[in-house]
Amino acid sequence: MDFDISEEQELLQATVRQLAGNECPLTRVREIFDGDSGHDPELWKSLVEVGLGGTAIPEEFGGAGLELLDLALVAECLGSAAVPGPFLGHSLAGLAVLFAGSEEQKKSWLPRLAMGDALGTVAFAEEGSGWQPNEWTLRANGTLRGTKQHVPYGSLADLIVVGTADGGLVLVETAADGVQSEPVDGADRTRRLDHVSFDGASCEALPAGPQASGRVRDAGLILLSADAYGGAARSLEMAVEYAKTRQQFGVTIGHFQAIKHQLANMAIEVDPVRFLVWYAAHAFDHVPDESERTAALTKAHATSVFMQTARDSVEVHGGIGYTWECDVQILFKRAMFDRAFLGAPRVHRERAAVLGGW
Amino acid sequence: MDFDISEEQELLQATVRQLAGNECPLTRVREIFDGDSGHDPELWKSLVEVGLGGTAIPEEFGGAGLELLDLALVAECLGSAAVPGPFLGHSLAGLAVLFAGSEEQKKSWLPRLAMGDALGTVAFAEEGSGWQPNEWTLRANGTLRGTKQHVPYGSLADLIVVGTADGGLVLVETAADGVQSEPVDGADRTRRLDHVSFDGASCEALPAGPQASGRVRDAGLILLSADAYGGAARSLEMAVEYAKTRQQFGVTIGHFQAIKHQLANMAIEVDPVRFLVWYAAHAFDHVPDESERTAALTKAHATSVFMQTARDSVEVHGGIGYTWECDVQILFKRAMFDRAFLGAPRVHRERAAVLGGW
Amino acid sequence: MDLSYGEAYEAFRKEVQAFLAENWPPRAEAAELPRKDQVDRFRDRAVDAGYLARSIPRKYGGSEQPPDALRASVIGEEFRKLRAPMDPVGLGVGLLVPTLLERGTDWQKEKFIRPTLRGHIRWCQGYSEPGSGSDLASLQTKGELAGDEWVINGQKIWTSGAQIADYCFCLVRTEPEQPKHAGISYMLIDMHQPGVEVRPLRQMTGHSGFNEVFFTDARTPKDWIVGERGEGWLVSRTTLKHERSGLMNVGQATGQLPALVKLARRSLRDGRPAVEDPEVRQKLAEIEGYMKANEYALYYRATRGRKGRDAGRIQLMAKLIRSEITQEVAKLAMELIGDDGLLAGGGELGMRERPSDNRGWVSSYMGSLGGAIAAGSSNIQRNVIGERGLGLPRDWAAQRSK
Amino acid sequence: MDLSYGEAYEAFRKEVQAFLAENWPPRAEAAELPRKDQVDRFRDRAVDAGYLARSIPRKYGGSEQPPDALRASVIGEEFRKLRAPMDPVGLGVGLLVPTLLERGTDWQKEKFIRPTLRGHIRWCQGYSEPGSGSDLASLQTKGELAGDEWVINGQKIWTSGAQIADYCFCLVRTEPEQPKHAGISYMLIDMHQPGVEVRPLRQMTGHSGFNEVFFTDARTPKDWIVGERGEGWLVSRTTLKHERSGLMNVGQATGQLPALVKLARRSLRDGRPAVEDPEVRQKLAEIEGYMKANEYALYYRATRGRKGRDAGRIQLMAKLIRSEITQEVAKLAMELIGDDGLLAGGGELGMRERPSDNRGWVSSYMGSLGGAIAAGSSNIQRNVIGERGLGLPRDWAAQRSK
């Protein structure tokens with residue numbers, strides 16, 4: 001038994017951390033955050049160049065051939081650095097093609113996605129929630145009509161994997177006619193969303209969509225959880241650093257037991273999440289019986305912890321934490337995204353209850 | 001507008017506090033707590049002698065002619081001192097006869113209850129909760145059959161007011177044949193409970209029972225809330241005193257910000273409850289539209305706060321708080337009683353939701 | 001216990017109603033005047049009638065009425081019904097005027113109080129600095145006497161209203177050689193001068209309610225300090241006391257509940273109104289319990305205040321309780337709005353429940369943190385409750401810094 | 001990441017199973033012996049086979065195996081299946097023996113370790129005193145040398161097992177003139193002597209798990225101290241380290257969940273199983289999230305420990321996390337049992353879910369507070385996490401008392 005990540009995985013994380021540190025320090029995050037598109041093509045290119053466009057795509061299709069655990073470890077690092085951009089939707093689009101596509105579709109799309117020649121995303125939510133495959137209602141029959149909400153970078157993507165009735169998945173190329181996107185004024189300006197309307201846009205079904213769409217969702221839940229752990233750990237770290245430097249009454253505020261205990265309470269919430277995320281990813285890769293339920297429980301837990309930790313971190317920072325200038329607000333808004341995207345904690349706790357036979 | 005108790009009411013509380021302090025210091029509470037019956041006839045006599053047997057019974061029937069607010073103020077003082085005995089059930093029995101009895105029944109019973117010549121109690125709960133009038137199922141037709149649970153001092157009472165189907169109320173004299181009680185091994189040894197079985201015991205209906213039983217329940221909710229506030233305030237006070245005397249690391253533990261903030265958090269929970277209880281009693285007396293719902297909300301809130309405060313007080317006391325020897329455990333168990341008797345907080349919050357038209 | 005106003009007050013209410021019927025909205029001839037003049041004229045009459053500036057002496061433009069919280073409530077209720085102008089809301093009337101009355105010189109009172117009461121001049125408060133939050137007395141903005149003027153240099157922060165204020169009442173270190181609490185003066189500064197720069201501070205909600213204020217050789221006359229040199233800390237405590245003990249509108253205590261219930265009614269869970277979900281119902285009722293307990297505590301405080309009797313430690317608790325409740329409300333709202341939790345905050349806060357837009361609730365979710373931070377953080381509140389309310393000993397760290 | 005045991009360990013499991021098949025339960029001829037002798041004989045054989053007393057040198061009665069957490073797990077699993085005797089549970093094996101191995105003299109090791117491992121002598125721990133809880137080093141029990149013996153006077157508290165213990169390992173102040181941490185010796189004391197009185201302490205649940213121990217001119221030989229005179233504080237830290245870092249059974253982390261779910265299934269709400277109530281389902285899943293996160297954290301610790309790599313600050317958190325989770329479990333159980341929340345605690349704790357009796361859950365509700373109090377209160381744990389885990393500065397008060 002070995003419940004730990006491997007040396008290769010440690011190296012992968014070190015690489016991503018270094019890349020994020022070099023290419024996307026918080027000053028750069030802030031520029032993108034305050035910018036129009038929430039996307040920096042140069043930054044995205046540098047991520048893709050080290051292979052993050054296709055981490056979990058098999059080598060035969062131009063990817064790195066790693067597992068979801070590895071992808072989650074990447075997501076953790078990106079979350080920790082609050083790296084803006086289309087990583088999440090792009091990764092899920094690739095997994096959707098991989099899990100549900102025909103050989104031809106895989107050959108056609110996976111290398112382009114892995115190499116970053118095409119940008120992918122997923123369109124799941126419908127009006128009034130409806131993130132889960134069994135809630136999707138759009139009907140596709142060569143063409144597609146209807147609206148999907150909260151599509152990450154829907155206006156920039158080349159390829160959208162759209163969830164359809166009965167849990168199906170179809171591919172839509174945004175270059176086609178009949179695809180229109182309208183930006184969402186989202187809280188998290190590091191991961192932009194669009195509502196995307198399809199008005200007879202031509203589409204192509206992924207044959208194994210109904211069997212695979214739940215897996216794609218589960219992968220999304222795990223990547224969000226990993227991002228949430230990374231973000232929560234960073235929020236905590238920022239609060240600890242602040243407590244070590246901010247002076248009041250002639251001492252750093254970390255001397256005050258009230259602050260110290262708040263930070264300790266944050267730490268016991270945050271630190272164990274790392275291992276839960278690992279396990280959820282491991283189960284996705286190797287323990288099929290537990291995969292779906294663990295992903296649901298993990299998403300609910302990790303994103304709740306992130307949200308509360310970000311709140312607590314703002315509080316420890318005091319007034320400055322409440323300003324647009326303070327980096328912790330960026331994490332706070334990422335927490336809002338992670339919490340709500342693909343369904344709020346409540347939704348996944350209820351799913352875990354059902355899946356647990358309760 | 002005058003949201004305050006009157007000078008007479010302050011005097012009433014001072015009197016009860018002094019009486020409790022003289023006749024029932026915690027050393028005496030502990031003896032009764034550890035004793036067999038949970039009842040001290042001498043102590044009860046001294047309470048009755050100052051009129052606490054009939055505080056809210058009109059003067060024409062030998063009572064003090066005060067309102068429920070006054071009775072609640074008494075209950076608060078008794079709760080604060082953890083006074084053991086049948087005050088709650090006895091008071092409710094008197095109110096039941098007053099609200100629902102015929103003139104004859106009032107004349108026959110109220111003076112004896114007020115003077116303490118007879119001990120009264122109420123029997124509401126049935127197997128699997130069923131504290132509320134609309135849940136009662138026992139049928140009475142001159143005689144009574146069935147079992148009531150958790151009857152305060154059911155084995156000592158002379159008169160039991162029993163809740164029957166359709167929210168009715170009947171009087172049963174325990175001297176009659178066919179009444180049997182079996183003691184409950186309850187947590188709160190200052191207020192003993194019995195399960196009481198009626199096997200064809202003769203009974204006499206209170207004519208206005210179906211109209212009045214909800215009011216009797218509401219009075220009970222308010223008296224429990226008042227007891228809970230008294231107990232919570234006392235639990236807090238004990239914790240504060242402990243923090244001012246217990247030394248660790250060369251100083252009293254109240255110097256530690258963690259303890260100080262725990263106590264401050266307890267205080268902001270506890271202190272406002274006093275005024276909520278006042279208002280609930282006032283509404284019972286004078287604002288019929290709000291009476292039922294406010295009683296439900298108040299019972300849920302006040303007894304939850306008491307329970308949590310008692311837990312927190314144990315924690316502040318550390319190891320010693322966790323022993324049978326420590327007085328705070330007596331309050332902890334009174335909190336368990338107040339919380340569960342007449343229905344747990346959840347039950348009354350749901351009732352408040354229904355009554356609020358939610 | 002009596003929750004009605006009583007006959008005397010209902011008679012008083014009739015008087016107020018009659019006054020308003022006569023004077024607001026302005027009659028035809030006055031309605032020709034600019035709005036500002038209409039308001040001035042109305043306020044003059046309301047002061048004459050004893051309805052505004054009630055605690056202020058007549059010679060400074062007030063109506064000098066005996067304190068009576070119930071009359072004040074009646075006036076407020078009736079004025080608000082017709083949206084008639086009341087005393088200007090803000091730090092000038094709320095904090096500066098009481099301080100001037102208690103500690104100001106005659107010329108200061110004459111110069112500043114009347115126009116402040118009439119809303120002709122507006123004030124901001126220059127207390128907090130970037131390095132001085134909970135430990136306010138460590139402030140560093142310095143004032144040096146140069147001839148007949150103070151020359152002020154330094155930075156203030158969290159200065160609400162600075163962008164529209166005419167003057168600032170400000171804490172400035174004038175005696176740097178003194179221990180920290182003894183070296184501060186309470187200074188009045190004209191905001192309309194080259195040495196004062198105001199920069200808005202954007203909050204995480206996107207709103208800009210606060211500012212930074214930079215003093216660079218800003219100037220103020222030598223005698224524009226309230227109290228003596230070096231006494232500013234004590235002078236400012238006068239106003240802080242006003243700020244903290246000021247009885248907020250009791251209605252605020254439960255004001256958020258109807259909006260929250262409305263939100264629960266119109267939000268869906270599994271296709272049904274969320275208000276039908278047992279978890280939501282429990283949480284709503286739990287929050288209402290806290291709100292109601294707090295509401296009646298405020299009634300008690302008001303009553304005790306009117307009777308001139310101490311209300312005890314409950315007076316120290318209102319802010320902390322309110323900020324805890326507000327956070328619970330915001331968290332439940334966040335649960336209720338579902339996917340709209342992805343949206344940027346915006347518009348009105350959630351209390352003004354508007355079915356068309358949940359973004360107000362998002363702002364509330366962020367804004368609810370503000371209460372735990374601003375005007376004495378929750379940790380400071382807990383210290384105050386623990387030490388002044390429960391009689392626990394002072395913190396070592398705080399003692400040490402004395 | 002690999003959560004299977006792997007082939008080598010499955011082969012080892014077969015060995016253990018074969019050993020047990022041979023030796024437990026005892027064969028006919030041995031089954032005639034008294035139970036105690038059966039157990040002795042079995043333990044001797046299990047030690048010979050390398051299955052018990054694995055970390056103890058052979059010369060002191062152990063089997064001197066290289067550390068291997070997985071082998072230990074396999075042994076535990078197989079032994080428990082057949083209820084075969086394992087190393088005696090308790091403070092002797094858990095705390096005293098490691099301390100003796102590290103700091104004891106040869107004769108101490110020879111005299112005490114073997115019979116402790118065989119369960120022939122039992123120990124209690126004399127650390128806490130009524131006045132010394134979190135501030136353990138302020139202890140006052142004093143030992144004075146009279147000829148060849150220490151004469152001990154004072155009182156210990158929270159001494160579990162004192163009523164059945166043969167010996168006590170005890171912290172005693174022997175150098176009163178030294179600073180508080182430097183004046184303590186780690187002493188072994190025979191409990192069977194007139195100067196030792198044990199009084200059970202009744203807990204609020206009604207159970208008596210702890211005792212007070214009174215020493216009145218109790219005696220122990222001069223050389224029954226471990227380490228040097230005045231070094232007792234450091235010696236005791238050796239064992240505390242063992243106590244706190246000792247990896248508890250990973251299963252404990254989620255062990256309470258099945259019982260809680262069972263309770264939710266059989267409890268009714270409005271006539272339906274409580275497990276169908278949305279609020280209950282949410283709360284159960286929330287608790288499971290915490291439990292699972294903690295469970296995998298423990299797996300990680302075990303893995304890192306096996307690899308000889310530091311697991312980081314997560315090691316400091318297990319106790320606090322567990323006590324927080326236990327309280328949440330207990331509170332939900334209290335919600336579920338309804339009117340049975342009026343009952344006195346009793347019987348088994350709730351973890352052994354028994355449909356017939358909710359009184360175990362009542363005990364759990366009270367007992368769940370114990371975790372926040374015993375063996376380093378939650379506040380002390382938070383200090384440790386904040387200071388050692390997050391690198392925050394030490395408390396003023398604690399510094400001051402040095």
Side-chain angles (χ1 to χ4, degrees), chain A residues 1-6 9 67 69 236-237 239-240 243-244 251-257 259-269 271-283 285-287 294 296-298 300-302 304-305 345-346 348-354 356-358, chain D residues 1-6 9 69-70 73 261 264-265 273 275-276 278 280-286 288-290 292-304 306-307 309 311-314 316-317 320-321 324 378-379 381-387 389-397:
Chain A
M1 175 157 51
D2 184 2
F3 193 86
D4 197 357
I5 55 175
S6 66
Q9 287 165 329
E67 299 191 312
L69 175 56
L236 168 60
E237 190 189 309
V240 170
K244 286 180 182 171
V251 296
T252 57
I253 62 172
H255 280 88
F256 292 98
Q257 208 181 25
I259 297 282
K260 185 181 297 179
H261 285 200
Q262 278 163 2
L263 293 169
N265 286 337
M266 288 162 72
I268 66 165
E269 293 277 310
D271 285 9
V273 172
R274 184 176 182 215
F275 311 107
L276 181 62
V277 172
W278 287 1
Y279 183 74
H282 173 77
D285 293 325
H286 298 290
V287 194
T294 306
L297 266 182
T298 301
H301 185 71
S304 297
V305 167
R346 190 187 69 78
H348 295 288
R349 292 204 173 106
E350 174 58 29
R351 289 185 56 240
V354 172
W358 296 351
Chain D
M1 183 168 286
D2 176 6
L3 296 187
S4 65
Y5 278 106
Y9 288 98
L70 283 191
S73 290
V261 173
R265 287 190 196 283
V275 76
E276 297 178 9
V280 173
R281 296 163 77 79
Q282 288 291 314
K283 192 69 199 167
L284 282 172
E286 188 186 339
E288 188 178 355
Y290 279 100
K292 280 239 177 340
N294 190 37
E295 178 182 354
Y296 297 115
L298 294 172
Y299 276 119
Y300 173 75
R301 276 179 65 180
T303 299
R304 298 289 276 197
R306 189 169 54 75
K307 292 185 191 167
R309 294 184 65 185
R313 69 188 183 210
I314 194 84
L316 305 171
M317 300 180 181
L320 181 56
I321 292 173
E324 302 275 319
S378 289
N379 280 338
Q381 302 291 330
R382 290 185 191 103
N383 267 12
V384 168
I385 293 166
E387 292 166 13
L390 304 176
L392 295 166
R394 291 202 64 193
D395 269 17
W396 290 112

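Every value quoted in this text rests on a predicted model; they were computed, and no experiment measured them. Throughout, protein chains are lettered first and strands after them, A, B, ... in sequence-line order, and every chain is numbered starting at 1. Below, each value reflects all heavy atoms present in this structure, side chains not excepted, and no hydrogens, waters or symmetry copies.
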Please round to the nearest 0.5 Å and tell me the distance separating atom [atom1] of [X] and atom [atom2] of [Y].
| X | Y | atom1 | atom2 | answer |
| --- | --- | --- | --- | --- |
| D:Glu387 | A:Leu263 | CD | CG | 12.0 Å |
| A:Asp4 | D:Lys307 | CG | NZ | 3.5 Å |
| D:Asp2 | A:His286 | CG | NE2 | 8.5 Å |
| A:Gln257 | D:Arg382 | CD | CZ | 9.5 Å |
| D:Arg281 | A:Arg351 | CZ | CZ | 12.5 Å |
| A:His261 | D:Leu392 | NE2 | CG | 10.0 Å |

(message) Suppose we call two aromatic rings close when their centres sit under 6.0 Å apart. Are D:Tyr299 and A:Phe275 close by that rule?
(response) no
Check whether [X] gets within reach of chain D through its side chain, its backbone, both or neither, counting any heavy atom under 4.5 Å.
| X | answer |
| --- | --- |
| A:Val277 | neither |
| A:Ile259 | neither |
| A:Ala267 | both |
| A:Thr298 | neither |
| A:Asn265 | side chain |

(request) Against chain A, work out which of D:Leu316, D:Val275, D:Leu320, D:Leu284 has the most heavy-atom pairs shorter than 4.5 Å and name it. (result)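 That would be D:Leu284.
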(request) Could you have a look at D:Ile314, D:Asn379, D:Thr303 and say which one has the most heavy-atom pairs with chain A under 4.5 angstrom? (result)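 Option with the top pair count is D:Thr303.
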(request) Would you sort out whether D:Arg304 and A:Phe3 count as a side chain to side chain contact (heavy atoms under 4.5 Å, CB included), showing the intermediate values? (result) CA-CA 8 Å; D:Arg304 298 289 276 197; A:Phe3 193 86; over 6 Å; no
(message) Please check this pair: side chain of D:Gln282 against backbone of A:Arg346, looking for a donor-acceptor N/O pair closer than 3.5 Å.
(response) yes
(message) At a heavy-atom distance under 4.5 Å, which candidate from A:Leu276, A:Thr252, A:Asp285, A:Asp2 has the highest pair count against chain D?
(response)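 Between A:Leu276, A:Thr252, A:Asp285, A:Asp2, the count favours A:Asp2.
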(request) Over 60° means perpendicular and under 30° means parallel, so classify the ring planes of A:Trp278 and D:Tyr300, tilted if in between. (result) perpendicular
(message) At a 4.5 Å cut-off on heavy atoms, which part of D:Glu276 comes close to chain A: side chain, backbone, both, or neither?
(response) neither
